Amino acid sequence: MNTATFALIFGIAYLGAGLLGLIPAALMPPPADAPPTHFTLLYGYLLGLFPVNILHSAVHIAIGAWGLMAWRGMASAKVFARSLTLFYGALAVMGLIPGMNTLFGMLPMYGHDVWLHAGTAVVAAYFGWRSEVSAERREGVAPDRRERMLPVGRERRFGLADRRQEAYSGV
C-alpha cells in the first residue's frame with residue numbers, strides 16, 4: 001500500500017467519523033463523571049466509545065477532507081501522513097494529561113480517543129517516513145524468467161518436456 005492509499009483510507013475513516021458525530025442518534029450522553037467541556041453542542045460518546053462534540057467532529061471532517069485531497073493529488077500524501085503523525089501524536093499525549101484532556105474545555109480527548117489518536121499517529125508515521133520503492137531502484141534486480149531470451153532445449157522443442165519420455169519413445 002502506498003502513501004496515497006493510506007490517505008484515502010484514513011480520509012474516508014475520519015470523514016465518516018466526523019459526519020457520524022453530527023448525527024444525534026449515533027451519540028450516547030456522556031457519563032456524570034466525564035470531564036466538563038464548554039462546547040456542549042452534540043457532546044456525547046460516538047458509538048458509546050469515543051467522546052466527541054461539534055468541534056471534534058469538525059476537526060475529523062477537515063482531516064478526512066484533507067486525506068481525500070491528498071489521495072487525489074491536490075495535496076501531498078506524504079505531507080498529510082507526516083502532519084497527521086505530529087498532530088495526532090500531540091493529541092494522544094495531551095489526552096493523557098488530566099488538565100489538557102479536554103483541550104481547555106473545547107475538545108474532549110480522553111478515554112478511547114487516546115489510543116485511537118496514538119494508533120493513527122503510529123500508522124501515519126510509518127507511511128510518512130518510509131522510503132518508496134521506485135522503478136529506478138529496481139533496475140539492478142534480475143529480470144523475470146519470462147523476460148529472458150534463452151534457447152529452448154531439443155526435448156522441449158519437439159514436445160518432449162521430460163527426459164524420461166525421450167527414453168521411452170526411442171528418439
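Since this is a predicted model, take the numbers as computed values, not measurements. For this chain, numbers begin at 1 and follow the sequence in order.
- For the pair Ala77 and Ala70, the tightest heavy-atom approach, listed with the atom from each and the gap, is CA-CB, 3.8 Å.
- In the hydrophobic clustering of this structure, Phe87 does not group with Val114; members are Ile, Leu, Val, Met, Phe, Trp, Tyr whose side-chain heavy atoms approach within less than 4.5 Å, directly or through other members.
- At least one side-chain heavy atom of Trp66 sits less than 4.5 Å from a side-chain heavy atom of Ser83.
- Distance check, rounded to the nearest 0.5 Å: NZ of Lys78 to OG1 of Thr3 gives 4.5 Å.
- A 6.0 Å sphere centred on CZ of Arg72 holds no more than 12 heavy atoms belonging to other residues, nucleotides or ligands.
- The CG atom of Leu116 sits 10.0 Å away from the CG atom of Leu46 when rounded to the nearest 0.5 Å.
- The number of heavy-atom neighbours closer than 6.0 Å to CE of Met74, taken from other residues, nucleotides and ligands shown, is 12 or below.
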Point to revise | Residue pair Leu41, Asn53: steps toward the side chain to side chain contact (heavy atoms under 4.5 Å, CB included) verdict | key: CA-CA 6 Å; Leu41 182 62; Asn53 63 3; over 6 Å; no
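- Within the 4.5 Å cutoff, the side chain of Phe6 has no heavy atoms near those of the Trp71 side chain.
- Put simply, Trp115 and Met109 are part of the same group of oily side chains (I, L, V, M, F, W, Y) that touch within less than 4.5 Å, one to the next.
- Ile61 CD1 to His56 NE2: the interatomic distance, rounded to the nearest 0.5 Å, is 11.5 Å.
- Atom CG of Leu103 sits about 7.5 Å away from atom CG of Leu91, to the nearest 0.5 Å.
- Side-chain contact between Ser57 and Leu42: absent, with no pair of heavy atoms (C-beta onward) separated by less than 4.5 Å.
- The CG atom of Leu20 sits 11.0 Å away from the CZ atom of Phe50 when rounded to the nearest 0.5 Å.
- The aromatic rings of His60 and Tyr88 are tilted relative to each other, their planes meeting at an angle between 30° and 60°.
- Of the listed residues (Thr37, Ile54, Val59, Thr102), just one forms a side-chain contact (heavy atoms from CB on, under 4.5 Å) with Leu107, and that residue is Val59.
- For Met106, the CE atom sits in a packed shell: over 12 heavy atoms of surrounding residues, nucleotides or ligands are nearer than 6.0 Å.
- With a 4.5 Å cut-off on side-chain heavy atoms, Phe127 and Met1 count as touching.
- Hydrophobic clustering, with ILVMFWY side chains joined whenever heavy atoms are under 4.5 angstrom apart, keeps Val122 apart from Leu96.
- Between Val52 and Leu27 there is a side-chain heavy-atom pair separated by less than 4.5 Å.
- Pro35 places a side-chain heavy atom less than 4.5 Å from the side chain of Asn101.
- Here the two rings, on Tyr43 and Phe39, have centers that are 6.0 Å apart or farther.
- Cluster membership for Met94 and Phe104, using ILVMFWY side-chain heavy atoms within less than 4.5 angstrom, is shared.
- No side-chain donor from either of Thr85 and Tyr126 sits under 3.5 Å from a side-chain acceptor of the other.
- Note on Tyr14: it clusters hydrophobically with Ile12, by side-chain heavy-atom contacts below 4.5 Å among ILVMFWY residues.
- Contact record, Leu15 with Ala65: CD1-N, 4.3 Å, taken as the closest heavy-atom pair.
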Exercise for review: Evaluate the criterion side chain to side chain contact (heavy atoms under 4.5 Å, CB included) for residue pair Ile63 and Phe10; output intermediate values, then yes/no.
Suggested key: CA-CA 9 Å; Ile63 294 289; Phe10 274 71; over 6 Å; no
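- Atoms CG and CG, from Asn2 and Leu8 in turn, are 10.0 Å apart once rounded to the nearest 0.5 Å.
- The minimum heavy-atom distance linking Pro30 with Gly44 is given by the pair CD-CA, 3.9 Å.
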